[in-house]
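All remarks here apply to the structure that follows.
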Amino acid sequence: MNHLTAITEKNLTNIKSGSKVRVLKLSGGERFKDKLLCMGILPGHEVEVLSSQRKGPVMVKVNDTRVVIGHSMAERIIVRWKTV
């Protein structure tokens, strides 16, 4: 039996609530990256999307902490999302 897993790269604003994703890259300047790094959002780390709206902020769970990220910042966080 062969199971195929489609792996897609999306920005964080396009991920549905309840999904777990892995951060691939942070597309922004040093201040942007520093701010996210201070929140624990690092490339290679897994985050769970708790709440995501089309135009509003995105709430994620990083380790055991909930973090709210503004929509424009979340658009610049590229993640890997697995679908089976």
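One-based numbering along the sequence shown.
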With rounding to the nearest 0.5 angstrom, report the [atom1] to [atom2] distance, [X] to [Y].
| X | Y | atom1 | atom2 | value |
| --- | --- | --- | --- | --- |
| Leu37 | His45 | CG | NE2 | 9.5 Å |
| Thr13 | Met73 | OG1 | CE | 13.0 Å |
| Asn14 | Ser19 | CG | OG | 11.5 Å |
| Leu36 | Leu42 | CG | CG | 9.0 Å |
| Arg76 | Ile78 | CZ | CD1 | 10.5 Å |

Joint cluster assignment, Leu24 & Val47, ILVMFWY side-chain distance < 4.5 Å: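 No, Leu24 and Val47 fall in different hydrophobic clusters.
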
For side-chain contact (heavy atoms from CB on, under 4.5 Å), just list the numbers for Leu12 and Val21, CA-CA rounded to whole Å, side-chain angles, deciding distance to a tenth of an Å, and then say yes or no. CA-CA 9 Å; Leu12 194 56; Val21 295; 4.2 Å; yes

Got a sec, which pairs hit salt bridge (Lys or Arg N to Asp or Glu O under 4.0 Å) with one end in residues 25-42, sequence neighbours left out? none

Kindly list each side-chain donor-acceptor pair under 3.5 angstrom involving residues 48-72, sequence neighbours excluded, with atom names and distances?
unit_1 : atom_1 : unit_2 : atom_2 : d
Ser52  : OG     : Ile15  : O      : 3.4
His71  : ND1    : Gly56  : O      : 3.2
His71  : NE2    : Arg54  : O      : 3.3

Under the rule for salt bridge (Lys or Arg N to Asp or Glu O under 4.0 Å), what residues qualify as partners of Glu75, not counting sequence neighbours?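 Glu75 satisfies salt bridge (Lys or Arg N to Asp or Glu O under 4.0 Å) with no residue once adjacent residues are dropped.
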
How about Ile77 and Phe32: do any of their side-chain heavy atoms sit closer than 4.5 Å? yes

